[in-house]
Novice: 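A single structure is presented below for examination.
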Amino acid sequence: MHKFILILLFVLTLFSCGTDTDTGEFTVGSDYLALSNKVIMIDTVTVEMSTINFDSLITSSRSRILIGNYDDPIFGKVKSDSYFQLSTTTYALNGASSDTQAINYVFDSISMILKYDNYYYGDTTKVQTFNIHRLIQKVKPNTDNDSFYNNSTLSYSPESLGKISFTPRPTQKDSINIKMDDEFGEALFQKIKKREITDFDSFTEYLKGLVLVPETGGSSNVIGFSVPTSKVRMYYSKYRADADELSYIIDFTIADIAKQFNSISLDKTGTLLQNLPISSSYLPSTVTSNQGFIQSGTGVACRIDFPNIKQFKKISTNGAIVNAELILKPVNNSYSEKYPLEDSLAVYVGDNLNRVSGALVNSAGTTVYGLLNKKSDEFNENVAYTIPIGSFLQSEMLKTSDSRSSLILTLPGISKSVDRIVLADQKNANNKIQLKVYYISY
């Protein structure tokens with residue numbers, strides 16, 4: 001017991017010079033856990049926050065058509081276009097085995113049917129408008145791999161093949177139907193009827209793909225549609241002199257989900273993030289009103305650093321961090337019904353260049369998440385995400401090299417949504433970040 005009192009006095013001498021976190025000093029907390037077991041709680045460790053922007057995110061093979069745009073009051077102008085390649089199971093008219101039989105088949109109409117997948121973000125009481133355009137470039141990546149990214153684009157014709165203005169009802173309705181240009185549909189029908197299109201290769205040579213592009217004026221939401229169940233449907237019929245006409249359809253679907261991707265952009269002009277650098281650098285929270293930012297789809301993420309964690313080795317010859325909790329609070333008035341909080345944060349380990357080495361795991365190897373305790377309370381004082389980081393800090397404390405790892409926070413649907421969150425740093429007046437470290441000496 002005498003030995004532990006000496007250790008405690010040493011801790012108080014070393015770390016109680018002040019509580020100014022800018023100097024990197026920290027003090028022993030006022031509460032103690034299991035003093036007889038030589039455990040102390042330290043609650044004023046320096047925590048640094050910054051915002052980073054990933055170079056790119058893979059948005060192909062995500063099974064979601066993400067379309068829309070809105071002006072975010074904090075992040076700026078968000079926009080998502082969706083590109084895809086079509087195909088069908090048959091490139092022939094029903095029962096038309098000869099040119100003579102094909103004469104009686106006529107084109108009726110063509111439409112795009114988009115099935116909601118229940119995802120939406122922003123104000124769905126406002127009208128959304130977008131157009132369908134024809135690609136003039138094959139759906140083929142420009143990179144060495146088979147992926148498309150949030151900053152990928154393909155060339156398309158300026159002519160609209162179909163337009164819709166609608167009020168989204170993603171949780172109330174099944175789908176939307178967009179009537180497409182008859183001239184476009186007739187030309188495609190004739191290509192199939194005349195057997196100029198007979199297989200996938202000849203079809204994609206003629207119709208390389210389509211893109212959905214939102215109009216930039218007036219829209220306030222981004223909507224998700226299901227890739228597997230959305231389609232372009234062609235209606236045609238067969239004339240019979242002695243009976244009623246027979247109606248048929250051909251469905252063109254997105255069979256290859258790797259050939260569908262969302263191009264998601266963020267115009268940060270005039271916002272706190274307008275000087276956000278790309279990839280290997282960062283924007284400190286000290287220049288963004290003591291806030292850190294996260295946004296899915298655009299690659300904006302929050303970085304957390306612990307610059308003085310190695311000082312824990314000075315507390316005791318034999319000691320360890322047995323537990324630690326990082327408590328992150330969303331900034332007041334940064335979230336609402338239109339911009340709701342996600343239930344969790346995804347947590348990764350990164351280096352000084354923001355290169356991610358993997359997900360954060362605990363001592364048992366289980367992936368760690370930041371969990372939201374509640375979405376709201378009367379004064380929003382207790383709304384927070386808690387992340388257990390004891391194992392991570394223990395590892396950082398024991399490092400013998402000068403290298404230091406950071407935590408990088410994102411949202412779970414980072415590559416197929418546009419959700420966002422604003423977090424407070426250690427100097428924020430109302431929603432300060434908290435770190436509680438439990439240290440044992442033995």
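Side chains included, hydrogens not; waters and symmetry mates left out as well; all remaining heavy atoms used.
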Novice: How many angstroms lie between atom CD1 of I110 and atom CE of M180, to the nearest 0.5 angstrom?
Specialist: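 Spacing of CD1 (I110) from CE (M180) equals 5.0 Å.
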
Novice: Do NZ/NE/NH1/NH2 and the carboxylate oxygens of K436 and D43 come within less than 4.0 Å?
Specialist: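 Looking at K436 and D43, the cut-off is not met.
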
Novice: D72: which residues meet the salt bridge (charged side-chain N to carboxylate O under 4.0 Å, His left out) condition with it, sequence neighbours left out?
Specialist: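 Applying salt bridge (charged side-chain N to carboxylate O under 4.0 Å, His left out) to D72 gives R420.
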
Novice: Please report the C-alpha distance between Y439 and N323 in whole Å, then the side-chain angles of each, then the deciding distance to 0.1 Å, and finally whether the side-chain hydrogen bond (donor to acceptor under 3.5 Å, both in side chains) criterion is met.
Specialist: CA-CA 7 Å; Y439 183 89; N323 193 16; over 6 Å; no

Novice: Shortest non-hydrogen contact from R134 to F184?
Specialist: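 Minimum heavy-atom contact is NH1-CD1, 3.9 Å.
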
Novice: Quick one: do D81 and K79 satisfy salt bridge (Lys or Arg N to Asp or Glu O under 4.0 Å)? Show the steps, please.
Specialist: CA-CA 7 Å; D81 305 334; K79 180 173 180 284; 2.7 Å; yes

Novice: Determine whether Y156 and Y83 make a side-chain contact, defined as any pair of heavy atoms from C-beta on separated by less than 4.5 Å.
Specialist: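 In contact.
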
Novice: From I327 CD1 over to I387 CD1, what is the distance, rounded to the nearest 0.5 angstrom?
Specialist: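 One gets 10.0 Å once the value is rounded to the nearest 0.5 Å.
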
Novice: Is there a donor-acceptor contact under 3.5 Å from the side chain of D146 to the main chain of A258?
Specialist: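 No; judged by distance alone, with no hydrogens or angles, the pair does not exist.
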
Novice: Holding to ring-ring contact (aromatic ring centres under 6.0 Å, His included), I want the full list of residues that pass it with F200, two or more places apart in sequence or in another chain.
Specialist: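 So F200 forms no ring-ring contact (aromatic ring centres under 6.0 Å, His included) with any residue.
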
Novice: Okay, side chain of D117, backbone of V227: is any donor-acceptor separation there less than 3.5 Å?
Specialist: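 Not a single qualifying donor-acceptor pair exists.
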
Novice: Please confirm whether the backbone N or O of V213 pairs with a side-chain atom of H133, one donor and one acceptor, at under 3.5 Å?
Specialist: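 It does not hold such a pair.
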
Novice: Does Y120 have more than 12 heavy atoms from other residues, nucleotides or ligands lying within 6.0 Å of its OH?
Specialist: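 For Y120, atom OH is not crowded (no more than 12 foreign heavy atoms under 6.0 Å).
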
Novice: Side-chain contact test, heavy atoms from C-beta onward, threshold under 4.5 Å: evaluate it for Y91 versus I250 and give yes or no.
Specialist: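 No - every pair of side-chain heavy atoms lies 4.5 Å or more apart.
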
Novice: If you count the non-hydrogen atoms of other residues, nucleotides and ligands that lie under 6.0 Å from NZ in K313, is the total more than 12?
Specialist: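 For K313, atom NZ is crowded (more than 12 foreign heavy atoms under 6.0 Å).
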
Novice: NZ of K140: more than 12 outside heavy atoms within 6.0 angstrom?
Specialist: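 No, because the 6.0 Å sphere around NZ of K140 holds 12 heavy atoms or fewer from other groups.
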
Novice: Could you check if a side-chain atom of F148 sits within less than 4.5 angstrom of a side-chain atom of S263, using non-hydrogen atoms only?
Specialist: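 No - every pair of side-chain heavy atoms lies 4.5 Å or more apart.
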
Novice: If every non-hydrogen atom of V300 is compared with every non-hydrogen atom of L266, which pair is closest and at what distance?
Specialist: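 Heavy-atom minimum between the residues: CG2-CD2, 4.1 Å.
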
Novice: Using the benzene-type ring in the case of Trp, are the ring centres of F261 and Y149 under 6.0 Å apart?
Specialist: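 No, too far apart.
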
Novice: Between the main-chain N or O of F392 and the side-chain N or O of S395, is there a donor-acceptor pair closer than 3.5 Å?
Specialist: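 It does not hold such a pair.
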
Novice: Over all heavy atoms of both residues, which pair between V349 and S405 is shortest? Give the atoms and the distance, please.
Specialist: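 So the two residues come closest at CG1-CB, 3.9 Å.
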
Novice: Quick check: closest heavy atoms across P141 and N145, and the distance to 0.1 Å?
Specialist: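 That would be CB-O, 3.6 Å.
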
Novice: From I304 CD1 over to L326 CG, what is the distance, rounded to the nearest 0.5 angstrom?
Specialist: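 It is 6.0 Å, given to the nearest 0.5 Å.
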
Novice: Quick check: do V45 and F312 have side-chain heavy atoms less than 4.5 Å from each other?
Specialist: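 Yes, at least one pair of side-chain atoms sits under 4.5 Å.
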
Novice: Can you tell me how far apart CG (D71) and NZ (K77) are? Round to the nearest 0.5 Å.
Specialist: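 Reported to 0.5 Å precision, the distance equals 3.5 Å.
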
Novice: Just so I know, are the side chains of N431 and P330 near enough to count as touching, which here means a heavy-atom distance under 4.5 Å?
Specialist: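 Side chain of N431 against side chain of P330, heavy atoms only: no contact under 4.5 Å found.
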
Novice: Can you tell me how far the OG atom of S230 sits from the CD atom of Q260, to the nearest 0.5 Å?
Specialist: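 Answer for the OG-CD pair, S230 versus Q260, is 9.0 Å.
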
Novice: Checking T51 against L273 for the side chain to side chain contact (heavy atoms under 4.5 Å, CB included) test, could you report, in this order, the C-alpha distance in whole Å, the side-chain angles of both residues, the deciding distance, and whether it holds?
Specialist: CA-CA 9 Å; T51 302; L273 295 173; 4.0 Å; yes

Novice: Just by distance, no angles: are the side chains of Y348 and N354 close enough, under 3.5 Å, to form a donor-acceptor pair?
Specialist: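 No - no donor-acceptor pair under 3.5 Å links their side chains.
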
Novice: Are a donor atom and an acceptor atom from the side chains of N151 and S56 found within less than 3.5 Å of each other?
Specialist: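 No.
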
Novice: Taking atom NZ as the centre, does K399 end up with more than 12 heavy-atom neighbours from other residues, nucleotides or ligands that are less than 6.0 angstrom away?
Specialist: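 Counting neighbours around NZ of K399, more than 12 heavy atoms of other residues, nucleotides or ligands fall under 6.0 Å, so yes.
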
Novice: I'd like to know whether S285 forms a side-chain hydrogen bond (donor to acceptor under 3.5 Å, both in side chains) with D425, so could you lay out the CA-CA distance, the side-chain angles of the two residues, the decisive distance to 0.1 Å, and finally the verdict.
Specialist: CA-CA 7 Å; S285 61; D425 73 0; 2.7 Å; yes

Novice: Evaluate side chain to side chain contact (heavy atoms under 4.5 Å, CB included) for Y438 paired with I321, printing each intermediate quantity in order.
Specialist: CA-CA 6 Å; Y438 300 92; I321 295 172; over 6 Å; no

Novice: Is there a donor-acceptor contact under 3.5 Å from the side chain of N69 to the main chain of E215?
Specialist: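 Looks like yes, one N/O pair under 3.5 Å.
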
Novice: Report the residues that fulfil ring-ring contact (aromatic ring centres under 6.0 Å, His included) with Y282, sequence neighbours left out, ordered by chain and then residue number.
Specialist: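 Y282 satisfies ring-ring contact (aromatic ring centres under 6.0 Å, His included) with no other residue.
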
Novice: Would you mind reporting whether L212 and L114 have side-chain heavy atoms less than 4.5 Å apart?
Specialist: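 They are in side-chain contact.
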
Novice: Is the closest side-chain donor-acceptor distance between D123 and T125 under 3.5 Å?
Specialist: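 Judged by distance alone, the side chains do pair up.
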
Novice: What distance separates N142 CG from Q137 CD, expressed to the nearest 0.5 Å?
Specialist: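 CD of Q137 is found 6.0 Å from CG of N142.
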
Novice: Just checking, is any N or O donor in the side chain of N131 or S160 under 3.5 Å from an acceptor N or O on the other one?
Specialist: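 Yes, a side-chain donor-acceptor pair sits under 3.5 Å.
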
Novice: For I264, does its backbone N or O pair with a side-chain atom of N262 as donor and acceptor, under 3.5 Å?
Specialist: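 No; judged by distance alone, with no hydrogens or angles, the pair does not exist.
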
Novice: Do the ring centers of F293 and F75 come within less than 6.0 Å of each other?
Specialist: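 Ring centroids of F293 and F75 are less than 6.0 Å from each other.
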
Novice: Side-chain contact test, heavy atoms from C-beta onward, threshold under 4.5 Å: evaluate it for I40 versus I42 and give yes or no.
Specialist: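 Yes; the side chains approach each other to less than 4.5 Å.
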
Novice: Using the side-chain hydrogen bond (donor to acceptor under 3.5 Å, both in side chains) rule, take D251 and T253 through it: C-alpha gap first, then chi angles, then the decisive distance, then the call.
Specialist: CA-CA 6 Å; D251 282 342; T253 63; over 6 Å; no

Novice: Taking it one step at a time, do K432 and Q426 satisfy side chain to side chain contact (heavy atoms under 4.5 Å, CB included)?
Specialist: CA-CA 5 Å; K432 292 181 181 180; Q426 213 165 28; 5.7 Å; no

Novice: Please determine, by modelled atom types, if N430 and N332 share a side-chain donor-acceptor pair under 3.5 angstrom.
Specialist: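 Side chains of N430 and N332: no pair found under 3.5 Å.
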
Novice: Any idea how F225 and Y116 line up, ring-wise: parallel (<30°), tilted (30 to 60°), or perpendicular (>60°)?
Specialist: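 The rings of F225 and Y116 lie parallel, inter-plane angle below 30°.
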
Novice: Check for a donor-acceptor pair, side chain of Q274 on one end and backbone N or O of G270 on the other, with a separation under 3.5 Å.
Specialist: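 Checked: pair present.
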
Novice: Apply side-chain hydrogen bond (donor to acceptor under 3.5 Å, both in side chains) to T167 and Q128, showing your working.
Specialist: CA-CA 6 Å; T167 303; Q128 170 73 265; over 6 Å; no

Novice: Do D305 and R303 have side chains that approach each other closer than 4.5 Å (heavy atoms only, starting at C-beta)?
Specialist: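 Yes, at least one pair of side-chain atoms sits under 4.5 Å.
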
Novice: Can you see whether R62 engages S415 through a side-chain donor-acceptor pair at a distance of less than 3.5 angstrom?
Specialist: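 Judged by distance alone, the side chains do pair up.
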
Novice: So, the side chain of Q291 versus the backbone of T288: is there a donor-acceptor pair under 3.5 Å, distance only?
Specialist: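 Present.
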
Novice: Would I433 and M49 count as a side chain to side chain contact (heavy atoms under 4.5 Å, CB included) if you check the C-alpha gap in whole Å, the side-chain angles of each, and the deciding distance to 0.1 Å?
Specialist: CA-CA 9 Å; I433 192 173; M49 178 180 285; 4.1 Å; yes

Novice: If we count only N and O atoms by modelled type, under 3.5 Å, do the side chains of T129 and S165 hold a donor and an acceptor together?
Specialist: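 Looking only at side-chain atoms, S165 and T129 do form a donor-acceptor pair, the distance falling under 3.5 Å.
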
Novice: Output yes when R404 and D402 qualify as a salt bridge under the 4.0 Å nitrogen-oxygen rule, no when they do not.
Specialist: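 Salt bridge: no.
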
